[in-house]
There are 2 protein chains.
Amino acid sequence: MAFQTQMQAAREGIITQEINRVAAKEHIAAHELRQLVAEGLVVIPANKNHTRLDPEGVGKGLRTKINVNIGVSHDCCDFQAELAKVHTAIELKAEAIMDLSSSGKTAGFRRKIIDESPAMIGTVPIYDAIGYYDRNLKDITAADFLEVVALHARDGVDFMTIHAGINRETVARFQKSERVTNIVSRGGSLLFAWMDLTGQENPFYQYFDKVLDICAEYDVTISLGDACRPGSTADATDSVQIQELIVLGELTKRAWERGVQVMIEGPGHMALNEIAANMILEKKLCHGAPFYVLGPLVTDVAPGYDHITSAIGGALAAASGADFLCYVTPAEHLRLPTMEDMTEGIIAAKIAAHAADLAKGVPGAKEWDLQMSRARAALDWETMFQLALDPVKPRRYRRESNAENSETCTMCGKLCAMKNVNLVLSGSKVDI
Amino acid sequence: MAFQTQMQAAREGIITQEINRVAAKEHIAAHELRQLVAEGLVVIPANKNHTRLDPEGVGKGLRTKINVNIGVSHDCCDFQAELAKVHTAIELKAEAIMDLSSSGKTAGFRRKIIDESPAMIGTVPIYDAIGYYDRNLKDITAADFLEVVALHARDGVDFMTIHAGINRETVARFQKSERVTNIVSRGGSLLFAWMDLTGQENPFYQYFDKVLDICAEYDVTISLGDACRPGSTADATDSVQIQELIVLGELTKRAWERGVQVMIEGPGHMALNEIAANMILEKKLCHGAPFYVLGPLVTDVAPGYDHITSAIGGALAAASGADFLCYVTPAEHLRLPTMEDMTEGIIAAKIAAHAADLAKGVPGAKEWDLQMSRARAALDWETMFQLALDPVKPRRYRRESNAENSETCTMCGKLCAMKNVNLVLSGSKVDI
C-alpha cells in the first residue's frame, strides 16, 4: 500500500474500501466522503489489525455515533461480565466500544474483544499502564507510557484517548483557577499526579511526534482527551477548559501534518445555554476536527439519572455540531455500571443521537420517524414495536396492560384520538 | 373583595396573599410579580374554593414548573391507585396535578384530591362530560359542556384545559392538510367528532364569553388547549398547528379583557431544531402568555422511553421560553402509567425544568448545583445523597456496589480523580 492511514489515502485521491463502506452506509457519495476524510473533518477509525471491523465514519454531515464504555476496575473485576456487555452493546448497535479496564492484566481481554467486535474499539492506554507494568505510578517512565500506546496499537485498537493537552501551561492555568471540581478526568488526574511526582512535562505532549509515529503505522485515530473537562456546571467554559482546547487545536494540526486522524474530546458538565457556543468554539479552535462529547450533563443534581441529564446535553450538542456521543449510564458518579445500567445508557444515547440527526437533517434520519408515525396513526402495534428503538420494553408494557378494545390502549380506551379522528375522516360517525 | 381574579387584583395595584407567597418562593419582589400578573405574563392558578392550595406562579422569570397527569380510564378504573399517585406526586414536589379521569363518575375523586392537595389541580372538563351525563357524545349539548366547566370551577379546580382554538376555521385548515397523525389531542378529537356529529361550532369557542364568566367567578386559570398539536415530528410547525395558535392568541386577549388568567398549551412532537422558534412564535402570537408544553418529544421512535425524548425537548423548550412542563412517562403511547412510570416521568420532567432554570439563570437555581458539586469534590457521599433530586436511587446504587475504599466508588477505586487531585493540591504525594 502507498498509504498508512485513511487520511493519507484520501489525500492521495484513493477511495479505500473503508471509505466506500462508510459512504454507502451514510447515503453520501464516496468522493465527497474522501474529501472530508482528507481534510480531517471526518475520521474513519480503522486499525489495520482490527480485521473484524465494520468501519464507521465520525464527523461532518454523518449520522451521530455513540460509544459505550466497558471494562474492569479494581473493585469489579469480572472479565466475563464485561464481555457480555460487549455483546449487548453490539446487539444494541453501538458504533464504538471503549475498553476502559483500569486494573490488572488486560491484554487478553482487549485482544478478545477486538477479535470479536465489528464495532470500533477504543482504549485509554494510560489506564492500562499501572496494571501492565505492575509498578507504582511514579516509577513509570515516559518511554513506558509510549510502549503501552504501541502495544494497544499492535493489538488493533481503532482509537485511543491521548491526554496530550494537559501540559505545563494548562496545569499552570489550572493551579491559578478556583475550580469547584478540579480535574475529574481519570487519565488527566493520573498525568497531573505523574507530573507532580516526577517534575516532568506530560509525556504525551512532550513526545507527541512519537505518538504520531505509532498511530500512523497502524492507523490509530487519536482522540485528544480533555483532561480538564468541567466536572460541574460551575466549572464549564472556564479558562482551564479553553486553554486545554487551544493546545488540542495545535496538536490537531501536527497530527494532520503527519497524516494521523484526530477527534477532540469534550465536556463534561455544562448548562444548556453554553452548549452551542462550546460546539462552535471546538470547531473553530480545532479546525473542524470531529467532536466527541461525554455528556454534556446539563445539571449536577441528578445522580442516578445522569443518562437523562446527558441525553439532554448530548442531543443539543450533537444538533449543534458534535459528532460522537459517549454514553452515560444511571450509574455515573456512583458505581461501575451493571448490564442493566449499560442498556439504559445506550438507549438514552441513541435517542440523543437520533434526535440530533433529525434536527441536523442527516440523510435517512427522518424516514424512520415517518414510518413510526404512520404505524401509530394506523394503530398498527406490531409495526410500531418492530420500528421502536428498543422493541422489547414497549411490547412488555402493552402486554402488561390490556385494553378491552385491542385496537386502542389503556390510556384512552374508546376515547382514543387516533381511532376517532380516523373514523370521522373516513366518513363514519363516531359512536361514543 | 373588590376583585374576582389575581389578575384583576394585580391591575388594581393589590398585592394579594397569593402574590406575596409566590414572590417569597421565587426570590423576587412582590411588586414586580404583581406587575407581571397584571400584564398576564405570569399566572397564579388559585381557585377560590381550593382552600388547601399552596400557590405557585407560572410564567416569565419564574422557576419552571411541572405537571403530573393522573386519573382513571375505562380500562384502568382504580381510584385508590390514582389517589396514591397524587400523594407520590406531591412528595416528589410536582407543582401541579391534572386529573384526566375520563370514565365513570369522577366528582368524588376530584373533590377529594382538591381537598388534600397543596399542589394546584387542573382538569379537562370535556373528558368528564360523557361520564357525568352518562350520555352519548352526540347527545351532549353546548350548554351541557359549559355546565361541566361550572361544576369543576365550583369544586375548586385551579386551571382547566379549554380546547377553544379548534373552531371551524382551524378544522377547515386541518381538513385541507396532509398530516401524518391527524389530531392526537384527546379533547381535540372529541370536539372534532362532536362538531362532525352535530354540525355546530366548537361550543368553547362559540360561548367563550360564558366560559370566561365562569372562570372569572372562581378565578380559574384557562389553559387554552392545543387540540391540533403535532403528534409526530413530521406534523410539527405546520399550518394547522399555527392556525390554532393564532386563534389562541385572539382568545388570550379576550380573556385578559375579562380579567381571566390564561396559559397556552403547546406541542407535542417536534424535532429539536424547531423548538426555539416555536417558543418565540407562541410568545409573540399569544402576547407573552405563559407557555405550557407537553414534551416536546424530539423523536417518534422511542416508545417506552418518551420520558427521555420529552426531557430533551422540554429542557430546550423551557430554556427557550416555555414556563410549564407537562410530564411524560415511559408509558406514553402504550398504556395508562403505573406508579413506577409516574415516578420516572416526574424525575425526568424535574431534570428538564431545572436544567432550563440553570440555563435561564432563574434566581436560586445554580446554588443547588454548586452545593452538589462541592459535596462531590469533597467525596462527601451523605451530602450528595441528601442534595440529589431523587435521594433514594443513588443510595441504593452505592449500597449495591461496595468499593474496597469507602471514600471512592467501584468505577475508579484508587484511580479516583477527585481523590488524587485533592491529594496533589493539598501538597501530598499520590501513591498508586
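We name chains A, B, ... by the order of the sequence lines, and we start the count at 1 in each one. FYI, side chains are in, hydrogens and waters are out, and symmetry mates aren't considered; it's all heavy atoms of this structure.
- Of all non-hydrogen atoms in V72(B) and S101(B), the two that sit nearest each other are N-OG, 3.1 Å.
- Using cut-offs of 30° and 60° on the angle between ring planes, the pair H307(B) and Y305(B) is parallel.
- There is no contact between S310(B) and chain A, counting heavy-atom distances below 4.5 Å.
- Counting only heavy atoms from C-beta outward, the side chains of C228(A) and R179(A) approach each other to under 4.5 Å.
- Contacts between M372(B) and chain A at a heavy-atom distance below 4.5 Å involve the side chain alone, from C-beta outward.
- Between L197(B) and F192(B) there is no side-chain heavy-atom pair separated by less than 4.5 Å.
- The candidate from A359(B), G304(B), S189(B) with the greatest count of non-hydrogen atom pairs under 4.5 Å with chain A is A359(B).
- If you measure heavy-atom distances from D431(B) to chain A, the contacts under 4.5 Å come from the side chain alone.
- Dense packing is recorded around CD of Q386(B), with more than 12 heavy atoms of other residues, nucleotides or ligands lying under 6.0 Å away.
- Within a 6.0 Å sphere centred on CD of E367(A), other residues, nucleotides and ligands contribute more than 12 heavy atoms.
- Contact count versus chain A (heavy atoms, under 4.5 Å) is highest, among T181(B), V301(B), N136(B), D390(B), for V301(B).
- If you measure heavy-atom distances from I183(B) to chain A, the contacts under 4.5 Å come from both the backbone and the side chain.
- With a threshold of 4.5 angstrom between heavy atoms, N422(A) approaches chain B through side-chain atoms but not through N, CA, C or O.
- Residue A311(B) touches chain A through both its backbone and its side chain, counting heavy-atom pairs closer than 4.5 Å.
- Interface remark: of the candidates L387(A), I308(A), L297(A), T233(A), I308(A) forms the most heavy-atom pairs closer than 4.5 Å to chain B.
- At a 4.5 Å heavy-atom cutoff, the contact between R376(B) and chain A is made by side-chain atoms alone.
- The greatest number of non-hydrogen atom pairs below 4.5 Å with chain B, out of T408(A), N420(A), L425(A), is found for L425(A).
- Contact of S428(A) with chain B is made through the backbone alone, with heavy-atom distances under 4.5 Å.
- Inter-residue side-chain proximity for C409(B) and S401(B) is flagged as unmet; no heavy-atom pair is nearer than 4.5 Å.
- At a 4.5 Å heavy-atom cutoff, the contact between A234(B) and chain A is made by side-chain atoms alone.
- Put simply, of L100(B), D357(B), L389(B), T338(B), the one with the most heavy-atom pairs under 4.5 Å next to chain A is L389(B).
- Annotation: cation-pi pair R186(A)/Y127(A) present, NZ/CZ under 6.0 Å from the ring centroid and within 45° of its normal.
- Contact record, V298(B) with A355(A): CG2-CB, 3.5 Å, taken as the closest heavy-atom pair.
- Heavy atoms closer than 4.5 Å to chain A are found in both the backbone and the side chain of H333(B).
- Only the backbone of S185(B) comes within contact range of chain A, with at least one heavy atom under 4.5 Å from a heavy atom of that chain.
- Most heavy-atom pairs under 4.5 Å with chain B: of the set D341(A), L316(A), L370(A), L423(A), this distinction falls to D341(A).
- Contact check for W381(A) versus P394(A): no side-chain heavy atoms found under the 4.5 Å cut-off.
- Here the side chains of E344(B) and T329(B) are not in contact, with every heavy-atom distance at 4.5 Å or above.
- Of the residues considered (I275(A), N273(A), D235(A), N405(A)), N273(A) shows the highest number of contacts with chain B, using heavy-atom pairs under 4.5 Å.
- Of all the listed residues (D196(B), V430(B), N402(B), V184(B)), the one sharing the greatest number of non-hydrogen pairs under 4.5 Å with chain A is D196(B).
- Of the two parts of P391(B), neither the backbone nor the side chain holds a non-hydrogen atom closer than 4.5 Å to a non-hydrogen atom of chain A.
- Within the 4.5 Å cutoff, side-chain heavy atoms of P330(B) are placed close to those of Y397(A).
- Contact tally against chain B (heavy-atom pairs below 4.5 Å) for A271(A), A348(A), A331(A), G187(A): the top residue is A331(A).
- Here R335(B) is the residue among K429(B), R396(B), R335(B), K393(B) with the most heavy-atom pairs under 4.5 Å with chain A.
- Using a 4.5 Å cut-off on side-chain heavy atoms (C-beta onward), F385(B) and V392(B) make no contact.
- Chain A forms the most heavy-atom pairs under 4.5 Å with one residue out of M418(B), K419(B), R398(B), and that residue is M418(B).
- In this structure, the portion of L190(B) lying under 4.5 Å from any heavy atom of chain A is its side chain and not its backbone.
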Side chain to side chain donor-acceptor pair (under 3.5 Å) for S73(A) and T410(B)? Distances and angles first, verdict last. CA-CA 7 Å; S73(A) 69; T410(B) 57; 5.7 Å; no
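- At least one side-chain heavy atom of I432(B) sits less than 4.5 Å from a side-chain heavy atom of L415(B).
- Of the listed residues (E400(A), K414(A), K360(A)), the one with the most heavy-atom contacts under 4.5 Å to chain B is E400(A).
- I130(A) touches chain B through its side chain: at least one heavy atom from C-beta onward sits under 4.5 Å away, while N, CA, C and O do not.
- Neither the backbone nor the side chain of W194(B) comes within contact range of chain A, judged by heavy atoms closer than 4.5 Å.
- Using a 4.5 Å cut-off between heavy atoms, I347(B) touches chain A through its side chain atoms alone.
- Of all the heavy atoms in D300(B) and S232(B), the pair that sits closest is OD1-CA, 3.5 Å.
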